Every structure is written in C-alpha cells, then in structure tokens.
Amino acid sequence: MSAELLENLNPEQSDAVTHHDGPLLILAGPGSGKTRVITRRVAWLLHNGIHPSRILAITFTNKAAQEMRDRVEALVPQAKVHISTFHAFGARLLREYGSHFGQERNFTVYDMDDREKLLKIAIEDAGLAPSASNVNSFGAAISKAKNQLITPELFENSVHDYFTQCAAKVFPRYQKRLRESNACDFDDLLYVPALALQKDKDLRSQLDNRWHYTLVDEYQDTNKAQYAIARELNLDHPNICVVGDPDQSIYRFRGSDIRNILDFERDYPAARVIKLGENYRSTRNILAVADALITHNTERKPKPLVTNNQEGKPVRITLHESGDQEAESVAQKIADAVEAKRWFYRDFAVFVRTNALTRSLESAFIQARVPFQIVKGLAFFERKENKDILAYLRLMSNPRDDVAYLRIVNEPARNIGKKTLDTLAQFATAKGMSLLEASRRASLVAGLRPGAVKALVDFSRMMDDLRSQIDQPPASAVTSVLDKSGYRKALSESGLSEDQERLANIEEMITVAAQYAATTPEANIQGFLENVALSSSIDGYNKDQDCVSVMTLHAAKGLEFPVVFMVAMEEGILPSAFALPSGQGDMTNSKEIEEERRLAFVGMTRAMKELYLSHCQERSFRGVTRYALPSRFLAELARARASIETVDRQAPRQRISHDYENEPDPHEWFGEGNEPGTKPPRPVSHSAPAFPGSPSFVKKRVPEPIKIPTGPSLLAADPTHTPRVSPPAFKEGNTVRHQTYGIGLVMELSGMGALRKIKIRFQTAGIRSFILDKAQLELVVKGRS
DNA sequence: TGGATAGATTTTTTT
DNA sequence: AATCTATCCA
C-alpha cells in the first residue's frame, strides 16, 4: 500500500514524503513536483496511523486547497484532513475559539468594499475628513500594521510624522468599529488569532496539541501574522513541514516576508532541509532564460535549475509596434496553432502585469474568434444586485453589521434618506447600539419625522422576521430575502429589461448557494457568506474549458501551461513603475525590483514547451500613447542568448515627412487609417534608445489633433476630407453592432457633443459604455421608439 | 429623492 | 479611455 505512495518519486521527493517527526523545510524550485510531494506526504502520514484530525494543511488559495483535498481523497478515501487557506483557517479558529477572547461566533468577514466604508466612518470618528486618497492610505497603513502584528498601541509609539500620527488616531477607532459591528476584515482573520495565540498560553497549548502535523505550502509568501500562527501551533509538536521557493516570493506588498523561509533553519534549529531541484516541467531553453534572469537577484542563495528535459524551441522575444498589434499577434498566433492542430486553446496562457492590460487582449481574441477566459475576481458577486442580497444575508446572520445595514436599508427604496440615517446614526452611536437595534427603537429618536420612524420600524420588523429563519439553507434564504424585502417586487415591476437581468442574476445566485450547500457538510448561511468573502480570483479558473487563459502574473503562480505568452515586458510595467527609483516606492527600491524580477521568473517558469515574451514600441495607457522602453529584464537574459530568438514586428519605417506635425493625417481621427502607408511616420532616432537607458517613458511626439468644425457643410467643403455621413442617431432599444464586441442592445445614452456616451449590453461581452464619437457602431435594428 | 451632467481620477499585484 | 463622484436641477 505504502509503496504506491512512493511511485514515480525521485530520492529527494521520496525523502520528503517519508520524513517522520521534526521540522522539515522543503525548498522546491519551479516544476519540481512540490504539490505531488505534499499530497503524498499527507497520505503517507495517514497510512502511518496518524489520525486525520491531527493533520493541518495550509495552502495559498481555496483552489489549491480544494485540489489538495481531492488528491488526498483519491489516495486515501474518506480522509477528513483539515485543508484550507490561512485566512479560512483563521476564520475557523475565530468561530471555534473566539469566545475565549471576546470574539462572537457569528461575525461577518468584511471585504475591501466594506472595509472602505467602515474606514470612512472611523476617519470621521478621529475628527478627520475622509477623502478618496486618505481612505486608501490609512487602509494600507493599518493593513500593513496588522500583517506585522502591530497593535494600535504599538503603532501609536512609532508615530514619526503627520501621516502616521493621523493613522494612529484612525487605527484604534477602526478596530473599535469592527468589533462593534461584530466584523473582521481580511487582516483580522490572521491578526486576531495570532495575537490570541501569543497572549493566551492555555489556548495556545490546547491548539498546539490539537494538530500534531502541520504542512504549509507557499511558505515564502507568509507574513508575520501567518508566521506567528504557524509558529505558536508547533512549539510542543514541532512537526511542521513548510514548502516554498524564495525565488517565487511575490506578495511583499501584502506583508509577506521572504525571511520567514530564509530563516526557517534558525527558528527551528532541528530542521531538516530537503531541496527539490530537478525541474520536470519546462524545456532546457525556457529554464536557461529563467535562470539567466533570476541570477540577477542579489539577495538570494544561488540555486541552479536543472532538468533532463529536451532543449525545445528557443524562447522568442518579439517587438511590436503597439499594444493593440501585440494583442492581435498573440491572438493570431494562437488561432494559427490551433488551426494547424498543434495545440488546443486550453494549452495557452497569456500573463499580464496588471489587469488593465487584459483589455486589448480581450478585443483581439474576440476579433480573432479565439475562445478565452479572463481569470479575475468573481465578477458575479461584485454585481450590485448580488451584493445587495448578500448584505441581507449578512444582516440576518449578524444584526450588528452596520455596513450591511446601510447598504440595504433603502434598497429597494423605502423612503429612508440620508438625513434620516444621519439622525439615526447619531442616536445609535450615543447609545452604543447597532443601526438595526436603533431602528427598532426609532420612536425614541428625537428629530425623526413620523414617516421616517414608521419606515425604520417596518424595516427592523422585516429583518427580525427574516432573522427568525436564519437556520434555513442558504438557497432558500435568498428566496426569502427576495420575497420579504420587496426586492423581487421592485425589480419585476420596474419594467426595465436591465432589472429583469438583475433578477436573473439573483436566480443564478440561488444556484450558487445550492451548489455550495451540496458540497459542504455543515452548510449554513454564515458558511456561505464566508465562502463568498474568501474566494479568490484564481478560484474562477476553469482548466477543463477549451479556451485560452488570460491572467495576472500573481494569479499564475502554481499553474503550468504548455505555451505561455508574457506581454508588455516594458519598463514601468514589468518592472512596475512603482518599483522604479523615480517611482513612489520607499527607499528599498532594489528590493522592489528584485520582487518584480521574481514575478517575471514565476511567469516564465509556468511555461512547459514554448515561451513568448513581447514588448512594443509604443503603448497607450489611460488615453495617452507613449514610447515604451524594453524591460531591463529582457537585457538581463543576454547570458542565455543561445536560447533566444528575437523578432521585430514593426512596420518598415516610413520616410519622415518634414512637417507632419502641422499636417495631421485625417485618418487619425476618423479611425480609418488602418491601410498600410497611411500612418504618420514616427520619429526614429531621437526617441527611444534600443535597450534600457533611462528607466522612464519618453513622451511620444504625436501630432495634436486639430479641432475640426463638425458641421457637415464645412466638412464637405474641405477637399482633403471625404464628406462624412453624420453618425446615426442611436436610441435606447436599438440593436447595434460594435466592431469588436458584436451585437448589442443600446441601454442608455448620456452626455452631449463630443463626450456623448452610449451604454450597450452585448450578447457576449456584457455591459460596456463608449464615447459615441469614438466607438465604431452600426445600427442593425431600430427598437421601439 | 433621484436623475442627469460635468468634473475628477485612474496608483500593479490580492486573501 | 472609461469609470467613479460631486453637484446641480426637476
């Protein structure tokens, strides 16, 4: 039986799987079979008589946790090992043991949105004025502090400038508001249990004794709070096995500290260290390139990448003219390869540094008819209607959740306006009540209109009624909310097709809730809410669908694909402008650059057979086009030049027109200039140096479009322009065709003149809005007028 | 109170 | 370029 567990393992992997007691550090390079080793190790422990309830396995994402659960289950059926993310584990500790330190069991997990709302209130509590930027920076400072287990008191002691002084005022007030709302933000899920474990010795030893074997994956990405939790649970039974790769540490911005893995041997002197060096994933060429890159990191123990794999194709570096062409080229290449039956769509992945870069890829794929999925946060739960319904569920499960209350108290409209709520909030704060509790006693609040009192009391009665059904399954709870809140009524009566769609989305959520209940033993509303709150972007990734995957480099961690494209390898993008000396980062710039380099390394080492890196001459961002310099990382690959081929896909240079700046090409703003030879020539020599020079963008010298009178007669009188038919007057309800997104329905028109906007719901691409003058739209069917 | 419009804002990455 | 937000008006 146990021989099966050691099948297809090399000696090091086998050692790691069968290591018995004591701390174990597994340094696992990319593609070295790390996941296989962890799952086999869990199975091996079970086979050696360790009770499943004694084993705790921590992964980085829910997806990884689910995969590991499935794999362990396949090896050892019925094994009930606790496998979860750090955050889910923290939430579980809080629910089970929170009463030891005053945390209620039914707390709500606040997402970024909720956090922001509560933070605004806390900033006001501190006598400051919330603004978009300070909410952000206070939020970041507080989050950073909690990740490092810095309490408000400690924070206060380290105040060193005006900003931290203000943050020190906001921090305790924010925590107080969280506790009053019986809520935890993401950071609290680690911070609160970590502090509790450090403070409460009895609790600590009780929990240490509960899990005798701990496994932590992606250990290089743990922050101080996560480190502390792992540490405190492994003092009496130090059978802790951590797996990671310092070269793949990419979450510094979230407080992760690479020292946790580098210092493991210091923290656990008895530690055994096993290195999994052989790479089974990538070709020799891909590894040569990845190795050439990562060697440039200085704060690193040298670690060669070795493989017995074939040499494979050279890694290709392509220079394109523009971001759009780059995207088109990627789409075309994929379409061709699938056409030639060399690969399936699902074999391809495109990695980007920032989510914004997915836009041009999206339209290129649509035009090339290449099926794709953008692996992003679950947009489904971000929809307003779904967030509203979730807020009802939250208020049902936690009546003190003021953020949820504020979200839905007037949704659907109940004539409860801002003034009423301000008065109510004042009362609630003074009495130390939740808003829902205060609503119940609205008649005691001075200064409320009788109508307002009634509306508030009615709302609180409705919520009390819903709360009495807190034990029903999540799916039927959604239905109850829909009916009792009047939400369904409001949507179905509105007559807008948009609202029908909303209703359909909520129906979809009933399905999601039912699915959750079907796969979870002790399903309840609270668990459903937690599941939603802690779901991550990669959880939406579906590897069974035959389509190209587009995702950020961060989301790519832990995955592998036969063919990988990494686009926009440009200074300011990868490495990000934030990591550059001129950027906004702190003084530790080289640390930031090193992390960007690791990010590039993670991307490259996802590739099994083919790797394509590209950058372009110019890139449009937020409506401005600039020259882009090739990423310094491309230059750093020089050592592996034998494994690289470079391609220049720019159009042949045009002759320089002496005064093109004063004679802008009319095609520029009529959007017809796609035929070769009609583009204005670009300045050649005095612009971008060929390879990394100054790490900043050079502004492109694009002729400023001259304002042209838009009257038809004037246009016709101008001999350089063909008369232009005035754009069709679109109306709401029209069916239109967009050049990229295809057929859609006009939902809304707004604004005037050049800025007139149109909002369209597409059959496939969802709802989007455009500037009417710029979008290329064609009327297909006139709707009813 | 909501709707429309003009004006400001985008700050990498995410549990 | 597109989206979010503050402000004005019906």
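Quick caveat: nothing in here was measured; it's all calculated off a predicted structure. Residue numbers start from 1 in every chain, and the chains themselves are labelled A, B, ... in the order their sequence lines are given, proteins ahead of strands.
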**Message:** What is the separation between atom NZ on Lys63(A) and atom P on dT14(B), rounded to the nearest whole Å?
**Reply:** 16 Å
**Prompt:** Using the benzene-type ring in the case of Trp, are the ring centres of Phe186(A) and Tyr191(A) under 6.0 Å apart?
**Reply:** no
**Aromatic ring of Phe86(A) stacked on base six-ring of dT15(B), 5.5 Å, 30°** = no
**Request:** Starting at atom CG of Leu190(A), determine the distance to atom P of dT14(B), rounded to an integer number of angstrom.
**Result:** 17 Å
**Prompt:** When you measure from the side chain of Arg359(A), which nucleotide among dT15(B), dA2(C), dT1(B) comes out closest?
**Reply:** dA2(C)
**Request:** Report the residues that fulfil salt bridge (Lys or Arg N to Asp or Glu O under 4.0 Å) with Arg394(A), sequence neighbours left out, ordered by chain and then residue number.
**Result:** Asp114(A), Asp401(A)
**Item:** Residue whose closest nucleotide on DNA chain B lies nearer the 5' end, Arg414(A) versus His554(A)
**Value:** Arg414(A)
**Message:** Please report the distance, rounded to the nearest Å, between CG in Asn62(A) and C1' in dT15(B).
**Reply:** 9 Å
**Request:** Name the nucleic acid region contacted by Phe621(A), choosing base, sugar-phosphate or nothing; use a 4.0 angstrom heavy-atom cut-off, strictly under.
**Result:** nothing
**Fill in**
Per atom distances to the Asn355(A) side chain, the nearest of dT13(B), dT11(B), dT15(B) is dT13(B)
**Message:** Please pick, from dG2(B), dT11(B), dT13(B), the nucleotide with the shortest atom-to-atom distance to any side-chain atom of Ala413(A).
**Reply:** dG2(B)
**Complete:** To the nearest angstrom, the CG-C1' distance between Leu553(A) and dT14(B) comes to 14 Å
**Prompt:** Rounding to a whole Å, what distance do you find between Glu530(A):CD and dT15(B):C1'?
**Reply:** 12 Å
**Request:** Find which nucleotide of DNA chain B each of Ser576(A) and Lys419(A) is nearest to by heavy atoms, and output the residue with the more 5' nucleotide.
**Result:** Lys419(A)
**Message:** Please find the pair of heavy atoms, one from Arg619(A) and one from Glu326(A), that lie closest to each other, and give the distance.
**Reply:** NH2-OE1, 2.7 Å
**Request:** Could you state the atom-to-atom distance from CD1 of Ile416(A) to P of dG2(B) in whole Å?
**Result:** 11 Å
**Prompt:** With a cut-off of under 6.0 Å to the ring centre and 45° to the axis, is Arg414(A) in cation-pi contact with Phe459(A)?
**Reply:** no
**Message:** When you measure from the centre of the six-membered ring of Phe601(A), is the NZ or CZ of Arg598(A) closer than 6.0 Å and no more than 45° off the axis?
**Reply:** no
**Prompt:** Whole Å only: how far is the CG atom of Asp187(A) from the C1' atom of dT14(B)?
**Reply:** 11 Å
**Request:** Could you check how far CE of Met566(A) sits from C1' of dT13(B), rounded to whole Å?
**Result:** 14 Å
**Message:** So, OP1 or OP2 of dT14(B): does either fall under 4.0 Å of a side-chain N or O from Thr552(A)?
**Reply:** yes
**Message:** Can you tell me which nucleotide in dT15(B), dT3(C), dT13(B) comes closest to the side chain of Phe186(A)?
**Reply:** dT15(B)
